[in-house]
**Student:** 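What follows is a single structure, and I will ask about it in a moment.
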Amino acid sequence: MLRYLLNRLMLAIPTLLGVATLTFFMLALLPGDAVETMLRADGGNPTPEIIAAERARLGLDRPILVQFGDFLWGLFTGDLGSSSWTGKPVLDEIMLRLPVTLELAVLGMIIAVVIALPLGTLAGIFHGTWLDNLIRIFAFGGIALPSFWLGMMLALAMLWFFNWLPPLGSNSLFSDPIRVLQQLTLPALAVGYRYAAMLVRMMRASVIEAMSEDYVRTARAKGLPASSIVRRHIVPNSLLPTVTIIGLEFALMVGSLVVIEQVFSLNGLGRLFVESVARSDLIVIQGIVVVLTIIFIAINLLVDLAYAAIDPRIRLGRG
Amino acid sequence: MRNVFPPPSHGPLWANEPKRLPNWVELIRNYPFGVVGLLVLVIIFVASGLAHWIAPYDPLETNYANTLAAPSLQHWLGTDTFGRDLLSRVLYGGRTALFIGVSASIIGSTIGAMLGITSAYIGGWFELILERFLEVLLAIPTMILALVLVATMGRNLVFGIDFNLVLAIALPIVPNMARIARSQTLTIRRQAYVDAARTLGFSSSRIIAWHIAPNIAGPYIVMVTTFVSQAILIEASLSYLGLGVTAPTASWGLMLAGNAFNSALTAPWIVIFPGVAIALVVFSFSMLGDALRDIFDPKASAGR
Amino acid sequence: MLPLPNFVRKDRLASRHSALPTRWRQRVHELLGSINDSENPGNPMAEKQIEGDVLLSVRDLHVQFLTGAGLIHAVRGVSYDVWAGEIVALVGESGCGKSVSSLALMGLLHGGDATRISGAASLKGMDYFGLSEEQMRRLRGREIAMVFQEPMTALNPVLTIGIQIMEPMLAHLGYSREKAWNRAVELLTLVGVPDPERRLGLYPHQFSGGMRQRVMIAIALACNPSVIIADEPTTALDVTIQAQILDLLQDLVDELKIGLVLITHNLGLVARYADRVNVMYAGRIVEAGTTSQVLRHPRHQYTAGLLKAVPQLDMPRQELLETIPGQPPSLRALPEGCAFRPRCSAASDKCLEIPALTRSTQDHSDACFHPFKDNGVYPAAGTPEPIKPAISKEALLTVSGLTKHFYLGRGATVRAVENVSFSVPTGGTLGLVGESGCGKTTLARLLLRLEQATAGTFELDGDDLLFKRGQRLKDMRRKIQVVYQDPFTSLNPRHKVADALVEPLLVHKLRKNRREARERVEEALSLVGLPSEMGDRYPHQMSGGQRQRVGIARALVMEPDFIICDEPVSALDVSIQAQIMNLLVELQKKLGLTYLFIAHDLAVVRHISDIVAVMYLGRVVESGRRQELFAEPRHPYTQALLAAVPSFRGLKGEGLSRGPLQGEIPSPLNPPSGCVFHTRCPLATDECRTAVPESRSLTETHKVACVRA
Amino acid sequence: MIPGKTFIAGLAAATVIVSAAPVAAQGEPQYGGALRYAVSDDPANFDCHAANNFAVLMRLAPHYSTLLRFKPGNYPEIEGDVARSWEADPEALTYTFTLHPDIQFHDGSQLTAEDVAATFERLAFPPEGVISERIETFRQIESVEVVDELTVRFHLKEWDTSVLGTFASPWNCIYSSELLESNPSYPSRVVMGSGPFVFEDFVAGSVWTASRFENYFREGQPYLDRLESYTMEGQAVVNAIQAGQVHTDFRGVSPQAAERLRTALGDGITTHVGPSLTHFLVTFNSQSAPFDDQRVRKALNLAIDRWGGVAGLGATSEMKYVGGPLMPNGQFSGSDAHLESLPGFSRNIEKAREEARQLLAEAGQADLSFTLTVRDGPPILVDFAVFLADQWRRVGVNAELKIVQTPEWASALTNSNFVAITDIYSALREEPTEQLTKYISYDLSHRSAGRFDDPVLDDIWARQAVETDPRARLDLLRKFEERLMEQSYSLPVVWLERSVAMDAKLHGWTFSPSNFLYLDQSGTWLSN
């Protein structure tokens with residue numbers, strides 16, 4: 001088990017390095033002079049001297065491989081460089097926004113899991129019935145509705161019916177959890193719905209597959225009641241592929257976060273990302289991609305843990 | 001819980017084979033969602049393909065005297081802030097969405113499938129390196145990757161289509177498809193007929209092209225369908241953020257961008273119809289994809 | 001021992017019936033009436049047996065499925081009884097309805113109105129087909145239990161086996177967890193799982209296949225049922241493990257007075273373990289009776305044909321097997337009348353009617369208008385074959401020191417093939433036999449250059465092939481061809497047969513154009529007995545036997561010198577096996593081919609081989625000419641293998657030795673030191689634990705790698 | 001509610017409330033409360049002198065005083081801020097300011113002439129490493145002299161009446177000379193001024209908070225206890241105003257949004273509507289083909305139906321007024337008749353387009369196709385470009401939009417890396433000399449987008465700058481317009497409307513045509 005985790009961790013390192021390398025070169029090889037575009041971000045009009053000085057300050061006048069080495073070393077020491085927009089360390093900028101994004105993501109995930117697992121199980125064990133069809137339509141809806149549209153419509157509906165919107169500003173989960181919940185529940189519903197839809201589909205398919213497995217036939221041959229077959233035999237086994245999807249779909253959810261944070265003015269990484277794109281703040285963009293990748297890898301590691309907890313074949317190793 | 005495993009009927013036997021329903025009725029009975037999805041898609045494809053002839057107005061034709069008109073006989077879906085006919089824009093927007101969605105999906109899936117098949121078949125270092133690379137791409141959230149790509153590559157209009165946009169949407173599809181193609185190939189590779197082809201002295205390229213690729217056609221079609229809906233959503237989201245299709249081209253995401261939602265309460269049609277159009281197309285593609293998956297991979301629909 | 005569940009007591013039957021809806025009550029009475037009615041067309045043997053100790057009684061069982069492909073009438077009026085303490089075999093080829101009928105008896109078929117069942121079944125005299133699903137559930141696992149074929153998938157991978165064994169007790173008997181646990185320990189001991197307390201906390205993947213099947217049996221026994229249905233319980237297991245499991249079942253039946261329904265396709269198992277046997281063909285029982293009657297004096301033409309078609313170790317080898325022609329019928333389109341008629345040599349016009357199962361003696365009945373006359377199909381267990389000189393001195397293929405190690409990382413190495421040497425004479429057949437994991441398939445892949453050997457050489461016609469590349473590898477590939485085990489996966493489902501066969505001819509430029517290649521293909525198809533129009537079919541439009549013929553034709557079009565047959569008949573039905581084996585023999589004669597024949601079935605190997613090599617854990621432990629090896633096996637493993645093979649010469653109760661080999665096959669990842677067989681060997685000494693035995697020559701051709709042999 | 005009905009009702013109700021209502025009309029100011037408002041963007045740093053984005057000013061203005069200021073309630077009148085009085089001496093080329101005594105910085109130190117001098121020296125002659133965006137504005141300043149503790153004197157290079165307005169610019173935040181001495185770039189990291197509110201906290205991307213400065217030098221002010229400004233943009237702003245989460249966005253909202261708020265909140269919302277000093281323009285690259293041909297430029301100018309455009313777009317967006325390079329109906333604009341006589345402003349669009357087609361044909365560019373570079377930002381910038389492309393399409397010209405992020409746009413603009421480019425210009429006040437720098441030759445003004453060299457135009461500009469007779473100056477300005485529109489290097493197209501929708505409880509704020517003014521919130525108060 002420990003070895004399995006270590007193994008997973010070791011596998012994550014090259015991926016992370018790869019992402020860092022890819023983003024670095026993708027942004028470094030941008031056409032045009034990045035520094036100049038940065039300096040103009042505010043509509044300013046820098047002189048060539050200022051541009052040259054800024055290049056030197058950022059170390060961009062050195063050979064690209066030296067810069068790359070620096071970047072990797074910085075990554076290793078937790079230094080992601082400084083924002084070319086505010087001049088503050090990118091890590092600070094990111095850490096400021098990270099809690100909101102994480103809270104939103106986790107809340108969305110919780111909502112999704114809470115909705116999806118029972119619905120997916122129901123749809124699976126009653127597949128082909130009207131209940132299944134209803135749940136499937138619900139799931140297709142989650143996949144089909146664009147998050148930004150759904151989020152905006154939810155916000156407008158809240159305004160229209162209750163003249164209420166989630167509170168503004170930055171709230172700490174630890175000092176004011178209620179306010180954080182108020183702030184994040186609506187956006188989390190918007191991102192969670194899509195997530196839930198994916199999970200419902202997976203859970204349903206897994207349940208249907210599990211129902212035709214030999215061990216379910218064995219359980220029936222034992223004369224177990226259907227409820228206990230579902231509870232003990234079908235659901236635990238169907239959870240395995242679904243849990244994997246929870247990790248993989250996180251990447252898709254981040255996409256929704258980008259627009260949802262925009263819609264609800266949440267001060268998260270997604271919004272910072274879009275703003276940084278508008279400001280051509282490449283160093284921040286680079287930092288966000290790296291941090292999101294780390295989160296993605298971490299979440300998948302957690303998922304692997306959960307997987308191992310459910311599946312004795314991994315927990316205990318083969319044979 | 002009672003009907004989880006519906007018991008067989010202990011009734012009289014069928015004396016003769018019961019009359020079988022015509023094939024199309026069976027199809028509708030077995031895959032109601034898939035059939036609905038297919039029908040809707042056919043209608044949408046035809047309507048947006050023939051937008052040039054069907055659309056009542058030029059989608060770019062402005063009428064400053066008639067902005068934000070409510071749906072009426074002249075303008076079935078109303079008009080937008082430029083007085084442009086919303087129905088025409090929705091139709092032409094469908095053309096944009098389908099073109100970008102389908103082409104990005106096919107480009108991404110095809111490259112992905114080729115990479116996946118080749119790496120799984122050849123194995124060794126090639127597989128190892130490619131797999132790492134694809135894992136790297138997979139680790140970057142889809143939307144973020146697409147955003148970085150459009151932000152860095154800029155625009156590259158070829159015949160009015162932003163080719164870079166298509167690429168940016170297609171690239172995140174590549175590792176996903178490659179992963180699926182790879183696992184399929186690994187399964188197929190274990191099949192004796194691939195061994196047989198090798199012992200018959202066929203070259204690797206022949207085996208890949210004639211013996212493996214055709215057997216991946218099923219999952220490939222399923223995934224292309226799935227990715228089309230993903231691509232359409234990404235296109236809409238990018239356009240919504242102002243980084244996708246360039247105005248004034250009709251695009252559903254673009255129709256919702258900018259100040260559109262400011263009119264949501266006074267002129268709701270300008271946000272409802274494009275949103276519904278996106279949802280309907282993606283909905284239909286998902287339903288079709290699911291049905292295709294059931295048809296091509298009966299294991300997933302076991303017990304049907 | 002456990003008390004009987006009170007709800008099956010006859011005195012409570014009436015009250016149960018009154019609890020049923022009127023509609024069902026009526027139905028139950030109807031069915032009960034029809035059972036008592038002696039004119040029913042069911043098994044005439046059942047008439048007198050309705051009372052007494054009959055545990056399970058099946059009457060006129062029909063099962064129909066409505067599928068996308070149409071209506072399938074899978075079971076067509078099956079009737080039989082099972083008494084306490086006996087093993088009743090249901091034997092037949094795939095698709096004969098033996099499994100479906102037992103699933104129907106267990107109430108495990110589902111599908112609502114798309115599946116229809118009629119007939120009656122009673123447990124200890126109580127008709128239970130009319131019961132509701134909930135009542136049926138209370139019966140399952142409590143009164144009637146089942147052991148399935150695939151021990152690898154039949155257990156839930158995420159639950160400990162303890163929980164899985166305890167579940168039925170908790171569900172049916174209202175045991176406390178502690179009581180259930182104690183009983184589970186008892187059960188594991190009963191089925192021969194050592195160290196039961198610890199094992200209960202383990203998960204299925206921590207058990208070997210044989211052990212899992214023991215666990216399955218423990219689950220079936222948990223509530224002390226009166227009837228157990230075992231559906232091919234050993235088909236997925238190796239022959240030495242198979243014997244262990246069936247011996248265990250036999251003991252349980254004797255001890256607990258359970259009625260066991262043994263479903264199998266293996267007549268040898270029937271002979272060794274069954275008290276009575278029902279032979280099924282196309283959804284019907286065509287012959288029933290005591291095992292000795294049916295196997296020694298078969299009356300149905302099908303039974304007789306089947307018995308002749310299976311090669312047996314304890315019968316003289318014939319050059320060709322007698323075969324049943326044709327293919328088993330499709331259940332969707334059965335021939336009119338007797339379903340066996342189109343394949344039957346004795347068929348007449350009379351056979352256009354469906355023959356009823358009629359009794360010929362007290363304990364033997366059959367459904368045949370032209371019963372088979374016992375005219376010496378079975379000469380007495382014969383004199384050993386005289387040792388003939390080998391066909392040819394000149395070796396076509398010489399393998400020496402061939403070794404393959406798979407490196408799994410972190411120092412883990414699978415020694416799949418270890419220092420294997422042998423040679424195959426031109427025009428001869430080398431039979432390679434061994435249990436799963438012994439390395440025989442890896443060996444084939446090495447020779448086919450699908451894997452690269454770690455060490456060793458192999459020469460074809462004096463030409464070392466191990467390191468050939470490019471064009472020379474391609475040339476080599478033409479000379480060595482292969483026939484695979486599974487005809488379903490060895491043909492590309494997307495290619496028409498003719499296209500699949502034309503392709504290699506063009507790739508190797510053996511024919512100039514498609515038309516000439518097509519001519520050659522038709523030639524090859526006719527060689528393997530397929531009409532040329534088969535060329536236009538896709539594999540899924542053909543039966544298993546036909547596909548295997550195509551597989552052989554594909555090897556033949558290349559005009560190879562040497563063909564590797566990797567378990568070519570093990571996936572086929574018994575009646576088809578013989579056809580394919582005969583075809584291989586005929587082709588060898590006609591074309592002068594040399595074969596490497598890989599199989600796990602000793603009888604098949606004996607039938608077809610000139611030279612036999614026995615593998616165990618990657619090594620050849622014994623090799624020699626067929627005659628000497630089978631007459632005088634020297635290695636204890638070879639001896640044990642031979643002893644474990646059931647044959648229908650030796651019937652149940654005729655004093656056969658029991659439990660030939662104990663223990664499991666060790667993992668090739670971590671093979672035992674010294675002689676790899678020492679962990680299971682009855683003769684093992686300390687020397688065997690340390691020294692790897694050299695291969696010793698007993699005769700010019702007979703070699704054995706054992707210090708004690 | 002029936003949407004269609006609301007919409008029609010909305011149209012009828014549009015533009016009701018008139019701007020610039022005097023403070024007094026709103027009753028006695030009440031104390032207390034927190035003002036919450038939306039700001040579209042974060043400041044990159046906290047230095048007013050280096051910034052030119054009004055979003056930055058919205059955050060910083062409440063913390064700083066300036067030398068002069070625009071008088072609340074009386075735009076464009078100028079009054080003293082820290083200066084109690086001032087004297088102009090055209091002969092000596094000096095301005096002398098006397099400061100209020102008793103002005104405190106937030107850190108308790110006294111604000112003196114030293115601080116004013118240090119601030120303006122920093123603006124006009126920034127030391128190494130300090131960026132001043134105002135160097136050009138202060139090009140007339142020769143030196144700054146500290147006369148005594150409360151007196152500061154500016155020496156000019158030549159006399160310029162417009163410079164007084166420059167002293168009133170809200171961008172000239174007065175910094176502490178003491179702190180500047182230790183670190184000339186302290187203002188980029190520390191917010192420390194003498195304005196009505198003390199900086200509390202800033203969470204990047206989220207909220208900026210400030211609290212009342214008890215020792216603010218204006219008696220009784222400010223009224224509010226706290227300021228909270230939230231970073232938010234686009235549709236979220238309107239939603240937040242509607243939900244009462246913020247009181248307003250001082251930049252203003254689109255008429256469509258204002259309409260939505262009025263519908264939803266009725267009396268709960270006050271809307272200040274009036275013309276804005278912001279206008280949209282489009283510039284052609286006159287150095288390269290085909291726009292080196294005056295006929296092509298003029299044809300494109302003629303093709304734009306400005307009147308028709310504002311009639312339609314004005315209903316839903318801020319693009320409301322037709323005007324030349326100077327604000328329509330302002331101090332310096334000409335008559336409607338003159339405007340309509342200029343190329344591109346004709347009410348007879350069919351005729352103008354006919355002429356345009358003819359010019360294009362003459363120039364051999366009948367089916368001209370080119371790329372229009374468009375700055376991405378507020379959606380209205382894209383709408384403007386869509387409008388232009390649509391207008392040109394009607395004379396058979398195909399303009400492909402290339403929408404780029406602000407940095408790339410700015411780069412294209414200064415490097416002349418465009419064929420045609422849209423631009424936005426917001427002025428602080430009506431001052432032709434400054435405003436027209438957008439439309440003169442590039443070697444004279446780096447603000448100018450067009451890379452043309454037109455001595456005639458430059459000469460008119462230079463002459464009006466020193467013309468002291470108002471009538472003669474207006475004539476020169478008309479000449480400038482005629483020359484500009486005839487040559488069509490850069491085309492003013494539409495002037496915007498500013499409509500600020502705010503919670504009806506919010507009072508004391510002065511509406512002006514400029515986004516940059518009255519942001520210090522010293523007189524703003526909330527009623528209960």
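Computed from a predicted structure; not experimentally measured. Reminder, nothing fancy here: chain letters follow the sequence lines and each chain counts from 1.
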**Student:** List the residues meeting ring pair (Phe, Tyr, Trp, His ring centres under 6.0 Å) with A:Phe138, not counting sequence neighbours, and say none if there are none.
**Tutor:** A:Tyr193

**Student:** Heavy-atom distances under 4.5 Å only: say whether A:Val19 touches chain B with side chain, backbone, both or neither.
**Tutor:** both

**Student:** Which pair of heavy atoms, one from A:Ile143 and one from B:Ser286, lies closest together, and at what distance?
**Tutor:** CG2-OG, 3.5 Å

**Student:** Supply the atom-to-atom distance B:Leu233 CG to A:Ser256 OG, rounded to the nearest 0.5 angstrom.
**Tutor:**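 It is 9.0 Å, given to the nearest 0.5 Å.
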
**Student:** Quick one: of A:Met153, A:Gln262, A:Arg220, A:Arg201, who has the most non-hydrogen atom pairs under 4.5 Å with chain B?
**Tutor:**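 It is A:Arg220.
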
**Student:** Side chain, backbone, both or neither: which part of A:Val290 has an atom under 4.5 Å from a heavy atom of chain B?
**Tutor:**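 It is neither, since no heavy atom gets under 4.5 Å.
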
**Student:** Go through the atoms of B:Val271 and report whether side chain, backbone, both or neither lie under 4.5 Å from a heavy atom of chain A.
**Tutor:** both

**Student:** Can you list the steps and then say if B:Ile140 with A:Leu292 is a side chain to side chain contact (heavy atoms under 4.5 Å, CB included)?
**Tutor:** CA-CA 7 Å; B:Ile140 307 178; A:Leu292 282 178; over 6 Å; no

**Student:** Between A:Leu11 and chain B, with a heavy-atom cut-off of 4.5 Å, which part of the residue counts as in contact: side chain, backbone, both or neither?
**Tutor:**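 For A:Leu11, heavy atoms of backbone and side chain both lie under 4.5 Å from chain B.
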
**Student:** Between A:Asn300 and chain B, which part of the residue has a heavy atom less than 4.5 Å away: side chain, backbone, both or neither?
**Tutor:** neither

**Student:** Measure distances from B:Asp290 to the heavy atoms of chain A and classify the residue's part below 4.5 Å as side chain, backbone, both or neither.
**Tutor:** side chain

**Student:** Between B:Ala279 and A:Ala144, what is the shortest heavy-atom contact and its length?
**Tutor:**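 Looking at all heavy atoms of both residues, the shortest contact is O-CB, 3.2 Å.
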
**Student:** Given a strict heavy-atom distance threshold of 4.5 Å, which part of B:Phe133 is in contact with chain A: side chain, backbone, both, or neither?
**Tutor:** side chain

**Student:** Under a 4.5 Å cut-off applied to non-hydrogen side-chain atoms, are B:Phe261 and A:Val263 in contact?
**Tutor:**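 Counting from C-beta outward, B:Phe261 and A:Val263 never come under 4.5 Å.
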
**Student:** Test B:Val282 against A:Phe140 for side chain to side chain contact (heavy atoms under 4.5 Å, CB included), laying out the working first.
**Tutor:** CA-CA 9 Å; B:Val282 178; A:Phe140 282 129; over 6 Å; no

**Student:** B:Thr142 versus chain A, heavy atoms under 4.5 Å apart: side chain, backbone, both or neither?
**Tutor:**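 Both parts, backbone and side chain.
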
**Student:** Please rank A:Phe148, A:Phe273, A:Phe296 by heavy-atom pairs under 4.5 Å with chain B and give me the top one.
**Tutor:** A:Phe148

**Student:** Given side chains that start at C-beta, do those of A:Ile285 and B:Leu147 come closer than 4.5 Å, heavy atoms only?
**Tutor:**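 No; the side chains remain at least 4.5 Å from each other.
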
**Student:** Chain B heavy atoms under 4.5 Å from A:Arg217: which part of the residue, side chain, backbone, both or neither?
**Tutor:** neither

**Student:** Please classify the contact of B:Leu256 with chain A as side chain, backbone, both or neither, using a heavy-atom distance under 4.5 Å.
**Tutor:**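 Looking at B:Leu256, just its side chain touches chain A.
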
**Student:** Please identify, among A:Leu145, A:Val259, A:Thr21, the residue contributing the most non-hydrogen atom pairs under 4.5 Å to chain B.
**Tutor:** A:Val259

**Student:** Run the side chain to side chain contact (heavy atoms under 4.5 Å, CB included) check on B:Phe5 and A:Ile125 step by step: do they pass?
**Tutor:** CA-CA 8 Å; B:Phe5 301 100; A:Ile125 61 181; over 6 Å; no

**Student:** Apply side chain to side chain contact (heavy atoms under 4.5 Å, CB included) to B:Leu145 and A:Val289, showing your working.
**Tutor:** CA-CA 8 Å; B:Leu145 185 56; A:Val289 172; over 6 Å; no

**Student:** Checking A:Pro241 now: which residues fulfil side-chain contact (heavy atoms from CB on, under 4.5 Å) with it, not counting sequence neighbours?
**Tutor:** A:Met202, A:Ser206

**Student:** So which atom in B:Val276 and which in A:Trp149 form the shortest heavy-atom distance, rounded to 0.1 Å?
**Tutor:** N-CZ2, 4.2 Å

**Student:** Specify the closest pair of heavy atoms between A:Pro14 and B:Val136, including all atoms of both residues, with the distance to one decimal.
**Tutor:** O-CG2, 4.4 Å

**Student:** Please classify the contact of A:Leu159 with chain B as side chain, backbone, both or neither, using a heavy-atom distance under 4.5 Å.
**Tutor:** neither

**Student:** Specify which of B:Met143, B:Glu135, B:Gln230, B:Met287 makes the most heavy-atom pairs with chain A at under 4.5 Å.
**Tutor:** B:Met287

**Student:** Can you tell which part of B:Leu138 gets under 4.5 Å to a heavy atom of chain A, answering side chain, backbone, both or neither?
**Tutor:** backbone

**Student:** Given a strict heavy-atom distance threshold of 4.5 Å, which part of A:Ile234 is in contact with chain B: side chain, backbone, both, or neither?
**Tutor:** side chain

**Student:** Side chain, backbone, both or neither: which part of B:Leu137 has an atom under 4.5 Å from a heavy atom of chain A?
**Tutor:**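 Side chain only.
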
**Student:** Between atom CD1 of B:Ile144 and atom OG1 of A:Thr293, what is the distance when rounded to the nearest 0.5 Å?
**Tutor:** 9.0 Å

**Student:** For A:Thr15 versus B:Ala139, what's the shortest heavy-atom pair and its separation?
**Tutor:**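 Looking at all heavy atoms of both residues, the closest pair is CG2-CB, 3.8 Å.
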
